[in-house]
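Values reported hereafter were calculated over all heavy atoms of this structure, with side chains retained and with hydrogens, waters and symmetry mates removed. Here the structure is a predicted model, which means the values were calculated and not measured. Throughout, protein chains are lettered first and strands after them, A, B, ... in sequence-line order, and every chain is numbered starting at 1.
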Amino acid sequence: MKADKCLNCFYQADGINSLNDELGDGFPHQCVQANFKKGEIIFKENALSSNIIYLQKGLVKLTKEGIQRTQILNIRKAPCYLGLPTTMGDKINHYSAIAMEDSTACFVDISVFRRLLNKNPDFSYDIIVELCRNELGQFERCVKLVQNQIYGRLAGNLLYFSEEIYDSDDYIIPFNRSELADLVCTSRETISRLLSELTEDNIISLKGKHIKILNKSILQKISEKG
DNA sequence: GCATTAACCACAG
DNA sequence: CTGTGGTTAATGC
């Protein structure tokens, strides 16, 4: 990872114009921008954490070690915040963040972040909204994970990549089969088999990680019903 | 019983 | 890393 002074971080992003001014003279521009290559760890579970991270560019997976295997909790696409729950909620990270593409992130010390929250209600409100949306998303995902069959869970995630990450029916799956299994909570073999089945039934077409969704409505039905 | 679902193991490209 | 086959266990008609 290569550190730089932050050039274009959340101070300027999302229509938040004057946060930098509101910090006051005692708080100069206090964040550090860093670049991560694909596969590099942005922050690690169980490590001490005192930064809020604003992901400017890239794609990141959040992972947590389980008893059996590593669980992939979520995928986050820039622009977004990383580590709000894990930095604000405890001293120690409860999950890791790993870059899945070359990514750029901006690190803000938690004391600076707290000051921003105190000084700017609109900013605080936006943060609360983002946290709430994430929680709602996790609730949905939780129920789906527990109650749907694997076929439905896989379909749901393929749709999620398409709709939330790439905005296209034709994309490169950002995971290998084993990671896909860690995301959907199943075995690598089952993922292979189900992807083959979806291909045979002409619901998707697949070459390695390059997927095209051919029949979205059926995929949606599979996702809903399991 | 029998079918379905899915995990685990093994092995081959 | 990936796909497939065999086996096995659990669950539901």
Which ones in residues 141-160 of chain A lie close to DNA chain C, meaning a heavy atom under 4.0 Å from one of its atoms? none

Pairs touching residues 147-167 of chain A that satisfy salt bridge (Lys or Arg N to Asp or Glu O under 4.0 Å), sequence neighbours left out: Glu163(A)-Lys216(A)

Quick tally for nucleotides 3-13 of chain C: nucleotides whose base has a protein heavy atom under 4.0 Å get B, sugar-phosphate-only ones S, the rest -, giving BBBB-------

In whole angstroms, the gap separating P of dT2(C) from NE2 of His210(A) amounts to 16 Å

Please give, in whole Å, the distance from dT2(C) C1' to Glu197(A) CD? 16 Å

Pairs where residues 134-151 of chain A contributes a residue and the test salt bridge (Lys or Arg N to Asp or Glu O under 4.0 Å) is met, not counting sequence neighbours: none

Apart from Val129(A) itself, what residues make up its hydrophobic cluster, given side-chain heavy atom links below 4.5 Å? Tyr125(A)

May I ask you to check whether Asn74(A) and Gln138(A) show a side-chain donor-acceptor distance below 3.5 Å? yes

To the nearest Å, give me how far apart CG (Leu194(A)) and C1' (dA6(B)) are. 9 Å

Kindly give the cluster partners of Ile67(A), where membership spreads through any ILVMFWY side chain lying under 4.5 Å from a current member. none

Residues forming a ring pair (Phe, Tyr, Trp, His ring centres under 6.0 Å) with Tyr171(A), sequence neighbours excluded: Tyr166(A)

Taking only residues at least two apart or on different chains, which pairs with a member in residues 62-89 of chain A satisfy salt bridge (Lys or Arg N to Asp or Glu O under 4.0 Å)? Glu45(A)-Lys64(A), Arg69(A)-Asp182(A), Arg76(A)-Glu130(A)

Under a side-chain separation threshold of 4.5 Å, the hydrophobic residues clustered together with Ile92(A) are Leu48(A)

